[in-house]
Amino acid sequence: MPRALALSVPRGVNGDAPLPPLPDQTSGGRISRPSRRIPYAQNAPSARLAGEDVPTSLPFTFNQVGYQIVADLPEAMRPWRDRPKRWEDITPNTNTLFLDTEGVVQVRDGAGLPGYDQPVTQIQFALGCITSYRTESNATRKALFLTRAKAQAKRLIDRRVEARGAWYFPYPFDYKHETHSGVDYKAPWYSGMAQGEAISMFIQLSQLDAVTEEERSLYQQAADAAFASLLRGDDGAPWVIHKDSAGYLWIQEYPGAQPGTGDFTYNGMIFAMFGLWDYYAATGSEVALALYDGSATTMARYFPLLRNVRWHSYYCQTHRIPTPSYHQHHINLFRQLHWQTGSPDFAHHTDVLTDDFPSPFLRDGSNVAFAAATHTLYRLDTKADGGWDKAKQDAQLETKKVTFARATQAPADMRRRIQGRGIYYRISAGAYTGWWVGEIWPTSFLRGQYLPTTYFPQRTLTFPGGNQEVDVYRFTEDGTDASIRTLSFTTPSNAPTDRRAIVNGRPMYQITAGALTGYWAPATSITMDGTTT
């Protein structure tokens, strides 16, 4: 492979995959009219003294291993900062979403059908508006982002249910999931995901300079009352948290009909944990830290059950259904757990999930480099766009051998794992359009730097001892200043790294200090944090 191809990363095509849309909590099921009365609180919240009624004790003991909260994260790494609300989406009007006369998001099963409050949808809408408010420079737009966020918060406060010394945010419709047995609710029902996300919304609103002191006090009170709901176990109703038979804490997105039961949904619990991060960062509550530690302990313990090796991860523990639409969410959520805790455990989980089923997204201009050699191409049974189809399962339809007398390139529009195989590229133009080729460095690889993960704090990679030779690489855009260094050490040697990416077809780590600053080490050549990658 010519040096100009092997050691260059082309300009403009590198980067991470875009985040998928936030999950729709009621997709896969049916919304229907409530069959029971919703016991809304009848009056505005009573005024309180500062600090009054703030929860101070845990409901029960649970497993904790000592995960900490990094409260001084850079702004971009804080919860929900990656989810700004786009201006063009500020007034939704679709078959499933619309705004009512008070500017509050309503969900429905179709145009013309009744609309309902859906706490998670309203909260996430508000959090997106808050994120956009922070960065918006246009005064008119900035004001509307804040108005929309306040409207969602007001609706949750106005229609809260006060029970067990806490505020709960009810789902005022009956709901039944089509495939997840047990997710069959009569209104009102409650979700730990909503309770945790509400904490984030109220805390973040209270931190904006534009809110009045009266509003700030109300939002702080609402955050405390929502936090109290995460301190009420399953020995009463309503409840959204419990510990399992092994002593692990769960925040249930979909609590079951009986105490200690539920869907054990991974993404919903992590989104709820963001509320604990926000609450601790704002208040320093040791109780919030204990809940966060317990929740992080649970996520680390049960990661092997979330993971589906070399394929899509599982949505929940109860049903263990591989769910392509949630896999990229899991990657992003575990990355944020790494930032929020500073623990390499969750960084490792992020890397593993990325390699199990990487995002197939490629930017325009992506190219596969082919060495001068004979290559095997494949036709596979996929969706028309190259995506995985459950009914077709990537079945092999045809193969072809092609020989290139000299190194060449071909454009590609997808990089993904093929079911039961490795990582493949789909050629998008020329004589081999629609054919797939395997990722085999240095014979055939995608040029550029893809799927980056930023580590915060940095991690430690270790080169082997015993004078084992390892090549490290410095890449440039044109390849002219690039270089390869061959290293060997008598005893294992460490180096810091702040970034992992797929660079020219291989998982690699970028070194950030010492004589090797800027060089990349292949994952197969080193160990990370004392563990083989």
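Side-chain atoms of S27 never come within 3.5 Å of backbone atoms of P23 as a donor-acceptor pair (strictly under, hydrogens ignored). Not a single donor-acceptor pair under 3.5 Å links the side chain of N467 to the backbone N or O of S488. With hydrogens and angles disregarded, no donor-acceptor distance shorter than 3.5 Å links the side chain of T265 to the backbone of G268. Between the side chain of T341 and the backbone N or O of S343, at least one donor-acceptor pair lies under 3.5 Å. Put simply, the side chain of S366 never gets that close to the backbone of D413: no donor and acceptor are under 3.5 Å apart. In this structure, N504 contributes its side chain and A6 its backbone to a donor-acceptor pair below 3.5 Å. A side-chain donor-acceptor contact under 3.5 Å links R320 to the backbone of L305. Listed for the K383 side chain is no donor-acceptor partner under 3.5 Å among the backbone atoms of D389. E477 places no side-chain N or O within donor-acceptor distance of the main-chain N or O of S8, the cut-off being under 3.5 Å. Looking only at distances, a side-chain donor or acceptor of K243 sits under 3.5 Å from a matching main-chain atom of T61.
Residues W250 and Q317 are in side-chain contact: their nearest non-hydrogen atoms beyond the backbone lie under 4.5 Å apart. A heavy-atom distance below 4.5 Å is found between the side chains of F227 and V287. Proximity of Y314 to I321: side-chain heavy atoms (C-beta onward) are nowhere separated by under 4.5 Å. Between I502 and P358 the shortest side-chain heavy-atom distance does not fall below 4.5 Å. Residues N332 and D82 meet the side-chain proximity criterion, which asks for heavy atoms closer than 4.5 Å. The shortest side-chain heavy-atom distance between P10 and N367 does not fall under the 4.5 Å cut-off. Using a 4.5 Å heavy-atom cutoff, the side chains of I130 and L205 are in contact. The shortest distance between side-chain heavy atoms of N138 and W87 does not fall below 4.5 Å.
A distance of 6.0 Å or more separates the ring centres of F456 and W339. When ring centroids are compared, W436 and Y425 stay outside the 6.0 Å threshold.
With respect to F346, the ring pair (Phe, Tyr, Trp, His ring centres under 6.0 Å) criterion is satisfied by exactly one of Y67, Y455, F303: Y67. Screening H177, H329, H180, H327 for a ring pair (Phe, Tyr, Trp, His ring centres under 6.0 Å) involving Y315 leaves a single residue, H180.
The closest side-chain donor-acceptor pair between N494 and T460, if any, does not fall under 3.5 angstrom. For the residue pair D278 and Q204, a side-chain donor N or O sits within less than 3.5 Å of a side-chain acceptor on the partner. Judged by distance alone, the side chains of Q68 and Y292 never bring a donor and an acceptor atom under 3.5 Å apart. No donor-acceptor contact under 3.5 angstrom links the side chains of W311 and Q419, judged on distance only. Side-chain atoms of D244 and Y302 include a donor-acceptor pair closer than 3.5 Å. One side chain, H319 or D263, offers a donor N or O that lies under 3.5 Å from an acceptor on the other. Side-chain polar atoms of Q458 and T512 form a donor-acceptor pair below 3.5 angstrom. Side-chain N/O atoms of R83 and Q124 include no donor and acceptor closer than 3.5 Å. Counted by atom type alone, K401 and T376 present one or more donor-acceptor pairs between their side chains at under 3.5 Å. For the 3.5 Å distance criterion, the side chains of S313 and N308 fail to qualify, holding no donor opposite an acceptor. Using modelled atom types, one finds a donor on one side chain and an acceptor on the other under 3.5 Å when comparing T453 with R335.
Considering every non-hydrogen atom in both A369 and Q409, the closest pair reads CA-CG, 4.3 Å. Nearest heavy atoms, A282 versus Q207: CB-NE2, 3.8 Å. Counting all heavy atoms, side chain and backbone alike, R3 lies closest to I484 at NH2-N, 4.3 Å. Across all non-hydrogen atoms, the minimal contact from P457 to G342 is CD-CA, 3.4 Å. Here the closest heavy-atom approach between residue A429 and residue I427 is recorded as O-CG2, 3.5 Å. Minimum heavy-atom separation, S295 to L249: OG-CD2, 3.6 Å.
The CG atom of D16 sits 10.5 Å away from atom CD of Q449, with the distance rounded to the nearest 0.5 Å. Rounded to the nearest 0.5 angstrom, H330 NE2 and H349 NE2 are separated by 13.0 Å. With rounding to the nearest 0.5 angstrom, the CD1 atom of I123 is 9.5 Å from the CD1 atom of I199. Within the model, atoms CZ of R415 and OH of Y424 stand 13.0 Å from one another, a figure rounded to the nearest 0.5 Å. If you take CD on Q336 and CG on L73, they are separated by 9.5 Å, rounding to the nearest 0.5 Å. In this structure, Q510 CD and R500 CZ are separated by 13.5 Å, a value rounded to the nearest 0.5 Å.
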Worksheet item: Is there a side-chain contact (heavy atoms from CB on, under 4.5 Å) between Y450 and R363 once you walk through the steps?
Response: CA-CA 10 Å; Y450 293 86; R363 287 179 170 80; 5.8 Å; no
Worksheet item: Do D381 and D394 pass the side-chain contact (heavy atoms from CB on, under 4.5 Å) test, and can you show the C-alpha distance, the side-chain angles, and the key distance before you say yes or no?
Response: CA-CA 5 Å; D381 204 3; D394 292 338; over 6 Å; no
Worksheet item: Stepwise, does the side-chain contact (heavy atoms from CB on, under 4.5 Å) test hold for R499 with W520?
Response: CA-CA 9 Å; R499 185 180 179 89; W520 291 80; 3.8 Å; yes
Worksheet item: Between S191 and Q25, does a side chain to side chain donor-acceptor pair (under 3.5 Å) hold up when you go through it step by step?
Response: CA-CA 10 Å; S191 170; Q25 198 183 23; 3.2 Å; yes
Worksheet item: Taking it one step at a time, do Y509 and I526 satisfy side-chain contact (heavy atoms from CB on, under 4.5 Å)?
Response: CA-CA 9 Å; Y509 298 93; I526 53 91; 3.8 Å; yes
Worksheet item: Can you check side chain to side chain donor-acceptor pair (under 3.5 Å) on R506 and Y473, steps first, answer last?
Response: CA-CA 12 Å; R506 290 193 291 174; Y473 302 80; 3.1 Å; yes
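Relative orientation of the H312 and F357 rings is tilted, given thresholds of 30° and 60° on the angle between their planes. Ring geometry for F60 against F62 counts as perpendicular: the plane angle is over 60°, on a 0 to 90° scale with 30° as the lower cut.
Between R417 and D356, none of the side-chain N atoms (NZ, or NE/NH1/NH2) sits under 4.0 Å from a carboxylate O, so this pair counts as no salt bridge.
By the 6.0 Å contact criterion, CG on D364 is open, its count of non-hydrogen atoms from other residues, nucleotides or ligands being 12 or less.
Partners of Y519 by ring-ring contact (aromatic ring centres under 6.0 Å, His included), not counting sequence neighbours: none found.
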